[in-house]
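The next block holds one structure in the form of structure tokens; read it before the comments.
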Amino acid sequence: MRDSSREPRPTRPSRPRLTKREEDELLTSMDNPEGRAYKEYLEHKEKRKENNRIKNRPIVHLTYFFVLVFLCMFGSIIYYLLHDAESTVANTGNRRQDTMAAMVTRGEIRSADGAVLARTEAKDGEDVRIYPYGETFAHVVGYNSYGKSGIELSMNFQLLTSNENVVDQVKDDLAGRKKPGDNVVTTLDSRLQTAAYKALGKNSGAVVVMEPDTGKILAMVSKPGFDPNKIDEVWEEIHSEEGASSTVLLNRATRGLYAPGSTFKVITTLEYLREHPNADYSYACNGEDSFDGVKIICYKHKAHGNVNLEQSIGYSCNTSFANIGMNDITMAGLRKTAEDCLFNKELPYDGDALISSFTMDGSKPRTDIPQTVIGQGETQITPLHNALIMSAIANGGVMMKPYLIDHVENVAGDTVRSYSSKSAETIMTSSEAAKLQELLLAPGAYGTAAYKFKNYRHKIVGKTGTAEYDNEGHCNSWFVGYSNPEDPDIVVSVVVEDSDKNNLTGVQVAAAVFETYYP
């Protein structure tokens with residue numbers, strides 16, 4: 001039997017610690033066996049350290065990898081909370097909205113001048129959304145059922161968020177009451193919205209009114225409309241066999257694509273100025289002309305005589321612009337200028353807007369040119385886009401980002417979030433914008449819009465347009481322009497469908513808006 005009480009194995013004595021001076025003396029005395037042994041000891045120690053570093057390297061790399069993965073995950077969570085959380089909650093398929101709606105009474109939507117555009121009332125124990133203006137704000141404010149639309153959709157998260165003070169929130173919780181949601185204050189002006197809505201009458205079309213230097217949208221009207229207070233009936237109607245082709249829910253201001261007609265001559269003129277900055281343009285108009293076999297006719301076959309560039313715009317001379325397209329500019333250049341002005345590109349708008357299209361380029365046949373340069377053919381544009389182009393001219397070439405929300409406030413009226421103007425694109429130089437403004441004074445002064453604006457108290461910069469959409473002469477009427485060119489106030493973009501049938505023009509609608517703005 002082994003003796004477990006034997007003495008422990010003696011440990012290897014460690015080398016005594018040396019001072020720096022003693023170590024240097026020992027290493028310099030290489031003839032001394034102890035010095036050589038000490039050097040060998042240090043070399044062996046350093047080799048062991050290097051071997052340990054090599055062995056530990058994969059572990060260090062793996063540690064770094066997991067730290068990096070953790071940081072990326074943490075960063076993605078922070079980015080989501082700051083950037084995507086609100087839009088995710090606002091998604092119509094997110095059921096969290098139902099949870100929020102059970103705890104918060106949906107906030108109000110208001111105009112910039114204090115009008116309540118949407119509010120929630122309790123009826124028979126249920127929350128009912130009320131729209132005091134009915135059809136007037138229908139498309140821009142939207143509705144709160146069947147997936148939501150308009151501001152009701154885009155600001156859903158804010159309307160269902162309560163920033164009531166903490167004490168009142170505790171009281172609401174103890175009493176089992178819903179908390180009041182935050183109120184959304186828009187940039188919309190109820191006076192201008194109502195004026196534009198009434199001016200369109202029973203006609204289909206759209207109106208956009210905005211400030212060119214800020215991007216604030218003051219009015220956005222689309223017709224035909226619907227009453228959001230009766231959205232159940234509307235929904236049933238459009239899903240019936242008889243109403244399957246109805247477009248009452250379509251916001252024509254942002255999703256209506258129309259041939260721009262003569263308003264596109266602004267783009268053609270800009271390209272001419274870029275290719276011939278110092279040219280002295282002249283053309284003899286006889287009321288009609290033929291270009292490579294394509295017959296172009298001026299409005300009512302009016303012969304404008306000898307016209308320069310300003311008169312060509314003022315009288316909206318079709319044959320003159322067809323001549324410019326065929327002889328003075330390139331289609332590749334025109335396409336680039338159109339795309340500089342955001343054709344074929346997404347608009348800098350947070351809402352739902354379609355892309356305007358311009359298909360002409362150097363590869364298309366020359367016979368497409370005469371119609372293209374006067375805004376016919378395959379070119380299409382939305383009323384919002386037309387307003388943005390004119391806003392950039394008024395703003396020295398800088399296009400501001402259009403927006404609808406001014407701020408969000410809690411039930412006590414304290415601002416919890418503000419929205420401000422931002423520049424979106426510089427689509428032309430300031431000198432090009434100034435020259436276009438000078439030329440675009442002509443329609444209101446003596447040209448196609450003079451019957452309303454010749455003696456108006458404020459100068460109007462703008463362009464009319466008549467866009468045929470079939471071979472029977474049926475057409476839509478456009479006007480896009482702004483007031484007070486010295487210090488532009490508002491831009492108005494109007495399209496009136498079937499103007500040949502209803503005898504209402506875009507100029508007449510725009511005039512009603514200007515009159516309301518300048519009481």
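Taking the six-membered ring for Trp, Y446 and Y451 have ring centres at least 6.0 Å apart. A centroid separation of less than 6.0 Å is found between the aromatic rings of F226 and H139. Between Y272 and Y281, the ring center distance clears the sub-6.0 Å criterion.
S477 contributes a side-chain N or O that, together with a main-chain N or O of G506, makes up a donor-acceptor pair within less than 3.5 Å. A donor-acceptor contact shorter than 3.5 Å is absent between the side chain of N308 and the backbone of S282. A donor-acceptor pair is defined here as one N or O able to donate and one able to accept, closer than 3.5 Å; such a pair exists between the side chain of N344 and the backbone of F358. Side-chain atoms of R335 come within 3.5 Å of backbone atoms of T359 as a donor-acceptor pair (strictly under, hydrogens ignored). A donor-acceptor pair under 3.5 Å is formed between the side chain of S493 and the backbone N or O of P383. Under the 3.5 Å distance criterion, the side-chain polar atoms of E425 are left unmatched by any main-chain donor or acceptor of C341. In this structure, S320 contributes its side chain and S312 its backbone to no donor-acceptor pair below 3.5 Å. Without hydrogens or angle criteria, T194 side chain to R191 main chain gives no donor-acceptor distance under 3.5 Å. Remark: side-chain polar atoms of Q376 are paired, donor with acceptor, to backbone N or O of E468 under 3.5 angstrom. Remark: the backbone N or O of L250 is not paired with any side-chain donor or acceptor of T247 at under 3.5 angstrom.
Partners of K401 by salt bridge (Lys or Arg N to Asp or Glu O under 4.0 Å), not counting sequence neighbours, listed by chain and number: D350. Shown here are the salt bridge (Lys or Arg N to Asp or Glu O under 4.0 Å) partners of D406, two or more places apart in sequence or in another chain: K216. By the side chain to side chain contact (heavy atoms under 4.5 Å, CB included) test, P488 is found to be paired with P212, A394, Y482, residues two or more places apart in sequence or in another chain being considered. Contacts of S431 classified as side chain to side chain contact (heavy atoms under 4.5 Å, CB included), with partners at least two apart in sequence or in another chain: T429. For S363, the side chain to side chain contact (heavy atoms under 4.5 Å, CB included) partners are D361, not counting sequence neighbours.
Listed here is the closest heavy atom pair of N318 and C298: N-SG, 3.5 Å. The shortest heavy-atom contact between V373 and F321 is CG2-O, 3.4 Å. Across E211 and L218, no two heavy atoms sit closer than the pair CG-CD1, 3.9 Å. Across every non-hydrogen atom of S154 and Q158, the tightest pair is O-OE1, 4.1 Å. Nearest heavy atom pair, residue L309 against residue T269, reads CD2-CG2, 4.2 Å. Shortest non-hydrogen contact noted between Y518 and S483 is OH-OG, 2.7 Å.
Using a 4.5 Å heavy-atom threshold, the side chains of I296 and D289 count as separate. Looking at heavy atoms from C-beta onward, V234 lies out of side-chain contact with D227 at the 4.5 angstrom threshold. S246 is not listed as a side-chain neighbour of E237, based on a closest heavy-atom distance of 4.5 Å or more. The side-chain heavy atoms of S357 and T379, taken from C-beta on, include no pair separated by under 4.5 Å. At a threshold of 4.5 Å between non-hydrogen side-chain atoms, the residues T382 and T254 do not count as touching. Under the 4.5 Å side-chain criterion, counting only non-hydrogen atoms from C-beta, I369 is not in contact with K364. Using a 4.5 Å heavy-atom cutoff, the side chains of L188 and L117 are in contact. With contacts defined as side-chain heavy-atom distances shorter than 4.5 Å, the pair I389/L342 does not qualify.
Look at E339 and K336 and you find no salt bridge, because none of the NZ, NE, NH1 or NH2 atoms lies under 4.0 Å from a carboxylate O. Using a cutoff of 4.0 Å between basic side-chain nitrogens and carboxylate oxygens, R110 and E409 are scored as salt-bridged. E515 and R457 are joined by a salt bridge, as a carboxylate oxygen and a charged side-chain nitrogen come within less than 4.0 angstrom of each other.
Atom CE of M399 and atom CD1 of I393 lie 9.5 Å apart (nearest 0.5 Å).
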Report the C-alpha separation of F479 and V495 in whole Å, then their side-chain angles, then the decisive distance to 0.1 Å, and conclude whether the side-chain contact (heavy atoms from CB on, under 4.5 Å) test is met. CA-CA 7 Å; F479 176 81; V495 63; over 6 Å; no
Please lay out, stage by stage, how Y258 and W478 fare under the test side-chain contact (heavy atoms from CB on, under 4.5 Å). CA-CA 10 Å; Y258 301 88; W478 279 95; 3.7 Å; yes
Passes side-chain hydrogen bond (donor to acceptor under 3.5 Å, both in side chains), D292 versus T367? Steps please. CA-CA 6 Å; D292 282 12; T367 51; over 6 Å; no
How far apart are the C-alpha atoms of H407 and Y419, what are their side-chain angles, what is the distance that settles it, and do they pass the ring pair (Phe, Tyr, Trp, His ring centres under 6.0 Å) test? CA-CA 6 Å; H407 67 278; Y419 299 80; 9.0 Å; no
Could you go through the side-chain hydrogen bond (donor to acceptor under 3.5 Å, both in side chains) check for T464 and T448 one step at a time? CA-CA 7 Å; T464 59; T448 53; 2.6 Å; yes
Between V496 and V494, is a side-chain contact (heavy atoms from CB on, under 4.5 Å) present by the stated rule, with each step listed? CA-CA 7 Å; V496 180; V494 181; 3.9 Å; yes
side-chain contact (heavy atoms from CB on, under 4.5 Å), that's the test. Do I109 and N183 meet it? Break it down for me. CA-CA 6 Å; I109 300 174; N183 301 316; over 6 Å; no
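Counted within 6.0 Å of CD on E288, heavy atoms from surrounding residues, nucleotides or ligands total more than 12; the atom is thus considered enclosed. Within a 6.0 Å radius of CG in N327, other residues, nucleotides and ligands contribute more than 12 heavy atoms. Counting non-hydrogen atoms of other residues, nucleotides and ligands closer than 6.0 Å to CD of E486 gives a total above 12. Atom OH of Y299 has 12 or fewer neighbouring heavy atoms from other residues, nucleotides or ligands inside a 6.0 Å radius.
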In residues 195-203, what donor-acceptor pairs under 3.5 Å come from side-chain atoms, sequence neighbours left out?
| from | atom 1 | to | atom 2 | distance (Å) |
| --- | --- | --- | --- | --- |
| Y197 | OH | E135 | OE1 | 2.9 |
| N203 | OD1 | N502 | ND2 | 2.9 |
| N203 | ND2 | L200 | O | 2.8 |

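A side-chain donor from one of D500 and H474 sits under 3.5 Å from a side-chain acceptor of the other. At a cut-off of 3.5 Å, with distance as the only test, a side-chain donor of S316 or S262 sits close to an acceptor on the other residue. T214 and Y403 share no side-chain donor-acceptor pair at under 3.5 Å.
In this pair, H385 and F343 present their aromatic rings tilted. The plane angle is within the 30 to 60° band.
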